[in-house]
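Below: one structure, written as structure tokens.
Being a predicted model, the structure only gives us computed values, none of them experimental. Below, chain A is the first sequence line, B the second, and so on; all start at residue 1. These numbers come from the heavy atoms of this one structure, side chains and all, not from hydrogens, waters or symmetry mates.
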Amino acid sequence: MIDLRLLRDDPDRVRASQRVRGEDESLVDVLLAAFDIRRAAVARADSLRGEQKTLSRSVAKASPEERPAVLARAKHLADEVKAAEADEAAADAALREAHLAVPNVVEEGVPPGGEDDFVLLDTVGTPPVIDAPKDHTEIGAALKAIDTERGVKVSGPRFYFLTGIGAQLELALVNLAMAQATEAGFVPVIAPALVKPDIMLGTGFLGAHAAEVYKLENDDLYLVGTSEVPLAGYHSNEILDVKDLPLRYAGFSSCYRREAGSYGKDTRGIIRVHWFDKVEMFSYIGVDDAVDEHRRLLAWEREFMDKLELAYRVIDVAAGDLGSSAVRKFDIEAWFPSQRAYRELTSTSNCSTYQSRRLNIRARGPQGIGPVATLNGTLVAVARTIACLLDHHQQPDGSVYVPAALRPWLGGREVLTAP
RNA sequence: GGAGGCUUCGCCUAGUCUGGUCUAUGGCGCCGCACUGCUAAUGCGGUUUGGGUCACAAGCCCAUCCCGGGUUCGAAUCCCGGAGCCUCCGCCA
């Protein structure tokens with residue numbers, strides 16, 4: 001939900017944001033109009049209610065002779081109030097709808113355009129040169145680490161079992177990520193993967209990407225696609241203390257994605273799956289510090305990539321490819337030798353006050369109560385990272401090299417070999 | 001799943017039976033001022049949140065007593081529905 005004051009003061013900035021996102025500029029004017037209509041409706045209902053209050057108080061004081069007349073007037077006024085309140089409610093609903101339809105106002109400097117219009121910020125490491133590289137599905141099967149066949153048998157396409165060293169690899173990655181996050185001052189959190197509708201709506205996932213989300217109809221709950229959702233909801237309807245900011249959480253949870261509209265994409269292996277586990281960084285921070293915090297989240301993501309000894313690049317995602325909550329997004333893409341391509345492994349977004357407004361999260365400081373910014377960043381999306389590790393660190397003899405940082409969590413193993 | 005109790009502006013609490021300055025009482029905490037070598041104590045004042053008007057000030061106005069409806073000129077208070085918490089019973093791990 002964008003700041004309506006910003007909209008009123010500088011509607012052109014919001015229009016410009018819509019333009020670089022490739023979205024409808026007229027939504028801005030719809031929102032402006034809805035805002036004006038609501039303000040007028042509120043003013044009218046307020047003043048009628050005020051009159052009614054005064055009049056109804058005078059009923060008790062009225063003498064028996066004047067009472068019938070006063071009552072008659074009061075009754076009439078009560079009808080007017082009722083009508084005005086109905087108008088007010090309708091104007092409120094219209095404003096809300098228009099408000100939800102406008103995505104966050106992008107940060108200055110975000111590249112315009114769509115998926116292919118990203119700007120390359122950095123390239124790290126040298127992609128390994130491998131003769132006839134195998135992909136992670138083949139390697140994972142040989143190591144008895146990934147069982148996609150039985151995943152499909154039991155749960156359907158885009159499901160898998162991690163077994164043996166594969167299961168251990170997940171635990172190792174999660175432990176490594178959690179250790180790094182904890183050392184950086186994040187509070188480790190195990191978060192629920194099912195949330196209520198208002199939380200899902202508040203984080204902005206029921207907008208353009210609603211088709212991506214699993215819903216449990218019988219229970220009116222959603223399966224989260226990332227622990228960003230429960231971590232954003234964690235402080236919903238709360239007034240935080242500015243002294244406590246930034247609040248940083250590292251959430252571990254399972255993540256569920258319908259992958260609607262990605263038919264035929266990455267059908268092999270565990271790069272694109274309906275369920276995976278993830279450690280996500282989440283920050284609540286003062287509005288003025290959000291841009292710096294975004295850079296810090298990116299730095300922590302890079303630190304983790306470095307620990308995994310992967311060749312990767314960092315991109316500044318174009319406006320049209322941002323989620324509705326984000327003002328800016330940086331992705332880290334790691335090298336997959338079997339695909340001869342960089343593929344997204346982590347992603348960090350600055351959501352400024354978009355989520356906190358929807359979720360009613362504020363902070364109290366010396367200057368009173370004000371908005372807070374929320375930001376998120378992936379530390380490790382386990383399945384895809386395992387896929388990358390197997391692919392990237394495969395050896396000619398079929399074994400897989402274990403990055404030094406991961407070894408303590410794998411009983412000191414330096415290579416993974418078939419059991 | 002069954003029975004009962006509870007939910008008031010940070011926390012605790014008065015008020016609900018008997019609808020009308022409830023424009024919500026008091027305490028704790030917090031903020032400011034005064035007093036005092038310092039601290040503490042004491043005294044005085046302030047302290048829900050959101051919205052409208054407006055300069056995003058002050059002031060004024062509206063809403064807010066778990067949520068949603070209803071009755072009424074008027075609801076914290078009466079009626080209906082829902083949620084959450086607690087206790088007991090049942091069931092399950």
Side-chain angles (χ1 to χ4, degrees), chain A residues 1-11 13-14 31-100 105 192 194-202 216 218-222 230 233-245 247 284 286-288 352-353 355-373:
Chain A
M1 212 137 60
I2 67 165
D3 184 359
L4 289 175
R5 188 161 291 147
L6 168 78
L7 174 78
R8 195 160 35 152
D9 293 347
D10 194 359
R13 196 167 148 218
V14 184
L31 179 54
L32 270 171
F35 188 31
D36 286 342
I37 290 168
R38 191 199 75 117
R39 288 213 317 279
V42 166
R44 188 176 142 73
D46 274 4
S47 76
L48 280 172
R49 261 193 301 260
E51 264 184 73
Q52 182 189 38
K53 236 168 117 169
T54 318
L55 194 57
S56 67
R57 235 175 259 148
S58 73
V59 170
K61 291 188 205 127
S63 64
E65 305 83 69
E66 34 184 42
R67 183 163 303 211
V70 176
L71 264 181
R73 269 200 297 149
K75 269 182 185 164
H76 179 69
L77 195 54
D79 288 340
E80 276 190 80
V81 167
K82 213 165 193 173
E85 284 182 339
D87 287 348
E88 190 184 9
D92 254 331
L95 174 64
R96 186 174 163 73
E97 194 188 336
H99 207 171
L100 289 173
V105 179
L194 275 70
V195 299
K196 299 191 212 173
D198 55 321
I199 301 295
M200 194 53 103
L201 184 72
L216 304 183
N218 288 340
D219 302 283
D220 207 17
L221 289 169
Y222 290 92
Y234 191 63
H235 286 299
S236 60
N237 295 314
E238 290 183 24
I239 299 174
L240 308 172
D241 191 326
V242 165
K243 289 199 295 283
D244 297 332
L245 300 179
L247 286 168
Y284 295 87
V287 173
D288 295 337
S352 67
T353 60
Q355 294 178 329
S356 60
R357 264 177 229 286
R358 287 190 179 195
L359 292 168
N360 190 27
I361 304 166
R362 292 158 293 161
R364 191 196 308 270
Q367 271 85 49
I369 291 171
V372 294

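Remark: P of C73(B) and NE2 of H76(A) are 14 Å apart, rounded to the nearest angstrom. To the nearest angstrom, P of G51(B) lies 21 Å from CG of D87(A). Rounded to whole Å, atom P of G50(B) lies 14 Å from atom CD1 of I361(A). Between the CD atom of E51(A) and the P atom of G52(B) there is a distance of 21 Å, rounded to whole Å. Taking atom NZ on K82(A) and atom C1' on C62(B), their separation rounds to 19 Å, with Å as the unit. The CG-C1' distance, from L71(A) to G74(B), rounds to 10 Å in whole Å. One can place CD of E85(A) at 10 Å from P of G70(B), the figure rounded to the nearest angstrom. In this structure, the CD1 atom of I239(A) is 6 Å from the P atom of U49(B), given to the nearest Å.
Among A63(B), C56(B), G52(B), the nucleotide with an atom closest to any side-chain atom of D9(A) is C56(B). Out of U49(B), C56(B), C73(B), the shortest distance to the side chain of Q52(A) is found at C73(B). Ranking C62(B), C73(B), U53(B) by closeness to the R39(A) side chain, first place goes to U53(B). Closest to the R49(A) side chain, of the nucleotides U49(B), U23(B), A63(B), is A63(B). In this structure, of U23(B), U49(B), G51(B), it is U23(B) that holds the atom nearest to the side chain of R57(A). Among the nucleotides U71(B), G20(B), G51(B), the one closest to the side chain of S56(A) is G20(B). Listed candidates were A63(B), G20(B), G51(B). Nearest to the side chain of K53(A) is A63(B). In the set G50(B), U23(B), C56(B), the nucleotide with an atom closest to the side chain of R362(A) is G50(B).
A salt bridge links R357(A) with D3(A); the closest basic N to acidic carboxylate O contact falls under 4.0 Å. The existence of a salt bridge linking D241(A) and K243(A) is confirmed by a sub-4.0 Å separation between a basic side-chain nitrogen and an acidic carboxylate oxygen.
Nucleotides G50(B) and G45(B) have their P atoms positioned 26 Å apart, rounded to a whole Å. Distance noted for atom C1' between C28(B) and C88(B): 33 Å (whole Å). Between U64(B) and U77(B), the distance separating the two C1' atoms is 16 Å to the nearest Å. Annotation: A75(B) and G68(B) have their C1' atoms spaced 15 Å apart (nearest Å). The C1' atoms of A24(B) and U8(B) are separated by 8 Å, rounded to the nearest whole Å. Going from the C1' atom of C6(B) to that of U13(B) covers 14 Å, rounded to whole Å. Nucleotides A40(B) and U47(B), compared at atom C1', are 23 Å apart to the nearest Å.
Nucleic acid contact for R364(A): sugar-phosphate only, since backbone atoms but no base atoms lie under 4.0 Å from a heavy atom of the residue. Nucleic acid contact class of R38(A) (heavy atoms, under 4.0 Å, all strands): sugar-phosphate only. Nucleic acid contact for L55(A): none, since no nucleic acid atom lies under 4.0 Å from a heavy atom of the residue. Within 4.0 Å of I369(A), counting heavy atoms only, lie sugar-phosphate atoms of the nucleic acid but no base atom.
Under the Watson-Crick and G-U wobble criteria, each requiring two contacts below 3.5 Å, nucleotide C85(B) is paired to G5(B). Pair assignment for U72(B): none, as no Watson-Crick or G-U wobble contacts are both less than 3.5 Å. The nucleotide U64(B) finds no pairing partner, because no Watson-Crick or G-U wobble arrangement with both distances shorter than 3.5 Å includes it. C56(B) is unpaired under the criterion used here, namely a Watson-Crick or G-U wobble arrangement in which both key atom distances are under 3.5 Å. Partner assigned to C91(B) is none, using Watson-Crick or G-U wobble distances below 3.5 angstrom. Nucleotide A34(B) has U42(B) as its partner under the Watson-Crick or G-U criteria, with both atom distances under 3.5 Å. Checking U25(B) for Watson-Crick or G-U wobble geometry (two distances, each under 3.5 Å) identifies no partner in any strand.
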For the pair R362(A) and N360(A), evaluate side chain to side chain contact (heavy atoms under 4.5 Å, CB included) and give the outcome as yes or no after the intermediate values. CA-CA 6 Å; R362(A) 292 158 293 161; N360(A) 190 27; 3.3 Å; yes
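Comparing D46(A) and R5(A), the nucleotide of RNA chain B nearest to each residue sits closer to the 5' end for R5(A). Mapped onto RNA chain B by nearest heavy atom, A45(A) and A74(A) fall at different nucleotides, with A45(A) at the one closer to the 5' end.
Across all their heavy atoms, G233(A) and L359(A) have their closest contact at N-CD1, 4.2 Å. M200(A) and Y222(A) make their closest contact through CE-CB, 3.5 Å (heavy atoms, listed as atom of the first residue, atom of the second, distance).
R38(A) places no side-chain N or O within donor-acceptor distance of the main-chain N or O of E88(A), the cut-off being under 3.5 Å. Looking only at distances, a side-chain donor or acceptor of H99(A) sits under 3.5 Å from a matching main-chain atom of I2(A). S356(A) places a side-chain N or O within donor-acceptor distance of the main-chain N or O of V372(A), the cut-off being under 3.5 Å.
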